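Below is one structure, written out as structure tokens, with a few remarks after it.
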Protein chains: 2
Amino acid sequence: MTQTAGKSRDRISRRQVDKFAERRAQLAASALQTLSELGYARTSLREIAQNSEFSHGVLHYYFRDKVELITYCVRQYKAECVTRYDQIIVTAGSAEELKQGFAAAMADTLREEATMHRLWYDLRNQSLFEESFREDVLDIDQSLERMIWRVVSHFAELVGSPPVLSPPVAYALFDGLFQQALLRYLTGRDTAADDLRKGVEHLLGQLVVDA
Amino acid sequence: MTQTAGKSRDRISRRQVDKFAERRAQLAASALQTLSELGYARTSLREIAQNSEFSHGVLHYYFRDKVELITYCVRQYKAECVTRYDQIIVTAGSAEELKQGFAAAMADTLREEATMHRLWYDLRNQSLFEESFREDVLDIDQSLERMIWRVVSHFAELVGSPPVLSPPVAYALFDGLFQQALLRYLTGRDTAADDLRKGVEHLLGQLVVDA
DNA sequence: AAGAAGTCTTGACGACTGTCCAGAAGTGCC
DNA sequence: GGCACTTCTGGACAGTCGTCAAGACTTCTT
């Protein structure tokens with residue numbers, strides 16, 4: 001009796017928690033959509049609510065304040081972002097295949113997720129001014145660094161020579177390449193994605209000795 | 001008579017124009033100061049005025065609106081920014097000297113102008129959302145790209161081998177390196193500047209064949 | 001059926017924003 | 001000194017912002 005009651009309560013409670021979490025995720029998705037369109041500086045809670053199917057008051061039912069909402073958004077962004085390239089690493093059989101696959105994946109990301117990535121750079125920069133998101137941003141940045149390093153080190157393995165630089169430097173180089181490509185892509189240069197692909201291929205080849 | 005009157009008017013007019021321009025520059029300096037401290041998103045005209053010795057109303061006497069003020073700031077930032085490394089290029093006698101001088105200069109810039117550069121990245125990112133500053137931002141970016149290329153190509157000359165990549169890619173790599181170092185520097189890692197120096201030295205060495 | 005709990009809307013609040021303007025203060029000329 | 005012009009101040013404006021709370025609506029429990 002107590003068990004079933006307990007189970008019942010737990011099930012309900014969990015269901016409610018799940019629904020609560022689901023709605024949080026749903027609202028965060030609307031927020032990410034709005035942020036990626038307007039940028040951090042011009043995004044208001046009312047604008048976010050208008051991009052969802054709810055009114056602006058509901059945001060404070062699911063999030064304590066704006067900082068918690070955006071922090072939640074940043075974390076949600078990370079979840080889908082970091083694992084993107086891991087598929088390529090495991091499926092690549094040769095160094096050449098990995099190189100071309102990775103370069104093509106970055107170019108595709110540029111083409112399909114440009115606005116999300118300009119948001120990422122926007123938020124990363126915000127963290128240099130406000131301390132609120134800093135921890136989460138640094139966490140994502142490290143994840144990206146590790147992801148890049150998995151590519152580089154696996155490529156080095158396939159080639160049979162060690163990488164010639166450290167994980168932070170490798171990440172910085174690819175990130176610089178991507179960011180510059182993003183700038184060009186969003187300002188209308190239609191060769192940006194393909195230039196990025198070539199640049200990434202070239203760079204990866206240079207990162208191991210005798211490649 | 002007409003001449004002297006004309007001259008007089010011109011002199012006065014020019015003096016007034018100069019004073020007008022001087023005050024614009026002065027206010028822009030206050031604005032840059034404020035922007036570099038708070039970031040674009042949180043900087044208001046009243047805050048800028050409070051960081052100057054004037055009241056907030058005067059900003060609209062010297063600038064049509066906020067966009068014109070910030071555009072002017074961006075251009076003023078550029079003026080002192082772009083020529084920074086050219087001195088090193090001309091004075092460097094050997095490849096090794098250029099490499100070390102350039103790397104040390106970048107590390108010094110990181111240490112001494114960190115907040116200004118986080119503003120630069122902030123504004124560059126803003127230009128991906130708003131079209132207002134885009135033209136000026138792209139102009140600065142190209143200037144920086146040319147500056148980097150002067151270093152790289154001169155280094156290649158001193159070494160005696162051609163560079164192995166294009167100006168945009170070279171700029172993207174050094175920019176990525178600097179931005180990552182900035183992130184680390186502003187989040188308290190005290191090895192950031194020296195790591196940047198080493199990274200730049202290493203990268204520059206790799207950019208020419210047989211270096 | 002009725003109440004309890006969860007969910008959502010609506011309107012209000014104080015604070016802050018960019019912009020504008022009337023007038024004070026300063027400056028140089030006759 | 002008085003006058004024209006530039007420069008600057010401080011307040012007012014309409015709008016937007018984040019936040020909050022009162023109440024309506026929905027969903028579940030008993």
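On a predicted model such as this, the values are computed, not experimentally measured, just so you know. So you know, we letter chains A, B, ... as the sequences are listed, proteins then strands, and number each from 1.
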>> So if I define the base as every atom that isn't primed, P, OP1 or OP2, how would nucleotides 16-23 of chain D read as a B/S/- string at a heavy-atom cutoff under 4.0 Å?
In response: -BBB----
> Taking only residues two or more places apart in sequence or in another chain, which ones pass ring pair (Phe, Tyr, Trp, His ring centres under 6.0 Å) with A/Phe129?
Replying inline: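 Result, ring pair (Phe, Tyr, Trp, His ring centres under 6.0 Å) vs A/Phe129: none returned.
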> When all nucleic acid strands are considered with a 4.0 Å heavy-atom cut-off, which category describes A/Phe54: base, sugar-phosphate, or nothing?
Replying inline: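 Sugar-phosphate, backbone atoms only, no base.
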>> Base, sugar-phosphate or nothing for B/Tyr62? Non-hydrogen atoms, less than 4.0 Å.
In response: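 The answer is sugar-phosphate, as B/Tyr62 gets under 4.0 Å only of primed atoms, P, OP1 or OP2.
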>> So, using side-chain contact (heavy atoms from CB on, under 4.5 Å) as the criterion, who are the partners of B/Lys66 when residues are at least two apart?
In response: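 If we apply the side-chain contact (heavy atoms from CB on, under 4.5 Å) test to B/Lys66, skipping adjacent residues, the hits are B/Leu45, B/Ile70.
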> Hey, is A/Asp194 close enough to A/Arg189 for a salt bridge, meaning N to O under 4.0 Å?
Replying inline: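 Not counted as a salt bridge, because no side-chain N and carboxylate O are separated by less than 4.0 Å.
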>> Check this for me: does any side-chain nitrogen of one of A/Lys78 and A/Asp139 sit under 4.0 Å from a carboxylate oxygen of the other?
In response: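 Salt bridge: yes.
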>> For A/Glu68, give me all partners under salt bridge (Lys or Arg N to Asp or Glu O under 4.0 Å), at least two apart in sequence or on another chain.
In response: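 With neighbours one apart ignored, the set is A/Arg24, A/Arg64.
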> How are the rings of B/Tyr121 and B/Phe178 set to each other: parallel, tilted or perpendicular (split at 30° and 60°)?
Replying inline: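 Tilted, since the angle between the ring planes falls between 30° and 60°.
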> What residues in residues 118-133 of chain B put a non-hydrogen atom under 4.0 Å from any atom of DNA chain D?
Replying inline: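 Going residue by residue through residues 118-133 of chain B, none turns out to have a heavy atom under 4.0 Å of DNA chain D.
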> When you measure from every atom of DNA chain D, which of residues 26-33 of chain B have a heavy atom less than 4.0 Å away?
Replying inline: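 When residues 26-33 of chain B is checked for heavy atoms under 4.0 Å from DNA chain D, there are no hits whatsoever.
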Which whole-number value in Å describes the distance from [X] [atom1] to [N] [atom2]?
X       : N      : atom1 : atom2 : answer
A/Gln50 : C/dT9  : CD    : P     : 13 Å
A/Arg24 : C/dG6  : CZ    : C1'   : 16 Å
B/Phe63 : C/dG18 : CZ    : C1'   : 15 Å

